[in-house]
Amino acid sequence: MSTAIVWFRQDLRLADNPALHAAIEQCEQIIPVFIDETSGNSGLLPSESSASHVWLHHALNNLQQRLLEKGATLIFRRGDALECLQQLQQETGATHLYWNRRYDPVGIGCDTAIKQQLSDACEVRSFNASLLSEPWAVLKKDGTPYRVFTAFWKMKRQLGFPELPLPEPASPFKGIKQNPESLSLDDLGYLPQIRWDKGMMEYWKTGELAAHDVLENFLNEQVPDYKTKRDFPASPATSQLSPHLHFGTISPRQILNRAEAFLAENPGAETGVQCFLSEVGWREFAYYLLYHFPATTSESLDKRFTAFPWRDPEEYQTDLIRWQQGQTGFPLIDAGMRQLWATGWMHNRVRMIVASFLTKNLLIPWQEGESWFRDTLVDADLASNTMGWQWVAGCGADAAPYFRIFNPVLQSEKFDKSGEYIRHWVPELRNLTDKTIHQPWTSDAKVAYPTAMTDLKASRVRALERFGVIKNATSPA
DNA sequence: TGCCTCTTTGA
DNA sequence: CAAAGAGGC
């Protein structure tokens, strides 16, 4: 009797799940398992109070139900993954252990050790479920990894994405035997004790079927005008797929496949579809960079930045808190930070603007911003978050030049001209005029709203001066 | 996927 | 003197 343990991690779906698919094809019994590793190592997942754990809870709940409909019970365990899997294998006499790969340094180390330790007891195999192609498959002619997105994406597309998405497995699974011991989903404790999560989750639909609804709706309603409308934070023009991609309730292969089919039927959507797919490409690039430069989760890729004169923590602490709480006195920044707090998500252009403000106008290290985003985003993703923050700070791959400093007032006037986004998230400003709402200090109206926490002109000059310190330093490693 | 300053242009 | 372009950070 062959029995496969299928270890679910960030691939919480039934369709296009290569590990599950292979297990069903090759084995008579399937034991799906999810392990809460947060108490064991690792820094793999955000802290326990974070927004993305709430999302994870709901995604797991959905997966558990979907598996049950197929006749399989999802087993929950907690602790060190190696110990949990060793024990589960011994309890069940499993002959196979299958999972889909992860690409963060801690995860790779963990998985490598498990493969070594358990290979004597059973057949251990891993698969690619979360990238269009593997990070090690795309290299420059000299064998080193790309550091520039356009060259990377061009080569990656040129090499091709041979695999089509796999279908959902036929129901029911073969020969499920008596279930091993399991914690309940609630035991994992991903929901907070104080239930702040309910308001946030009103903004989201979780689960595999919902992810495909979100994609279909985006393709039909938004993608034709994606390139122009995606920059305006009041417009619902973005895909909203980021948390689904993070937890794998949809795969990039499924997205690519569906987007290409949509394009074939809607040739007019060419520009929008290509622009959207290049955003999927940026996600691939983020995972690629994380794989090839694992130290960048905590250190700047551009080594000149190790000497960058950020402000000291004791000096910037109160400024950091004002930024986190959306009390900077700059309406667009505060709107973004409050949207993040309320919904677990922030529009991408606003992410760039608040990040530029933190790292440049406030001279607070990008790691502080990355850490806050990791705690508060439902789509918190080590790869994308690391790349994004380093890109803005000017210390990463293909980074924005350091002198590219966003002016939150000008960006607000340009991308939220009517003030719709600001009025929604900073309601105390809603009665200001379309002109003064971007800079409340020019209005005569009395509103309870913070004074701008920094002089934009002076802090911009200060940032440019500090850049001079590292500009001529030794070239990047 | 930046912003500022200075200069030129044309009314 | 508004608008547009060039160049620098």
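Proteins come first, then strands; the chains are lettered A, B, ... in the order of their sequence lines, and each starts at number 1. Atoms considered below: every heavy atom in the structure, side chains included; atoms not considered: hydrogens, waters and symmetry mates.
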Please tell me whether [X] and [Y] have a donor and an acceptor in their side chains that are separated by less than 3.5 angstrom.
X	Y	result
A/Trp366	A/Ser300	yes
A/Glu134	A/Tyr291	no
A/Ser251	A/Asp16	yes

At under 4.0 Å, does any side-chain N or O of A/Gln411 touch on OP1 or OP2 of B/dC3? yes
Under 4.0 Å: is that the gap between some side-chain N or O of A/Asn348 and OP1 or OP2 of B/dT1? no
Keeping the roles fixed (side chain from A/Arg430, backbone from A/Arg423), state whether a donor-acceptor pair exists under 3.5 Å. no
Do any N or O atoms from the side chain of A/Arg349 and from the backbone of A/Phe232 form a donor-acceptor pair under 3.5 angstrom? no
Atom pair distance, as rounded to whole Å: [atom1] in [X] and [atom2] in [N]:
X	N	atom1	atom2	value
A/Asp455	B/dC4	CG	C1'	14 Å
A/Ile405	B/dG2	CD1	P	12 Å
A/Met352	B/dG2	CE	P	8 Å
A/Gln390	B/dT1	CD	P	23 Å
A/Arg230	B/dT1	CZ	C1'	8 Å
A/Leu410	B/dG2	CG	P	12 Å
A/Trp153	B/dT1	CH2	P	19 Å

Please list, chain by chain and in numerical order, all residues satisfying side-chain contact (heavy atoms from CB on, under 4.5 Å) with A/His57, sequence neighbours excluded. A/Leu185, A/Asp186, A/Tyr190, A/Leu191
Proximity to the side chain of A/Lys457 - top-ranked nucleotide from B/dG2, B/dT5, B/dT1: B/dT5
Show the distances under 3.5 angstrom between N or O atoms of the protein and N or O atoms of nucleotides 7-9 of chain C.
none

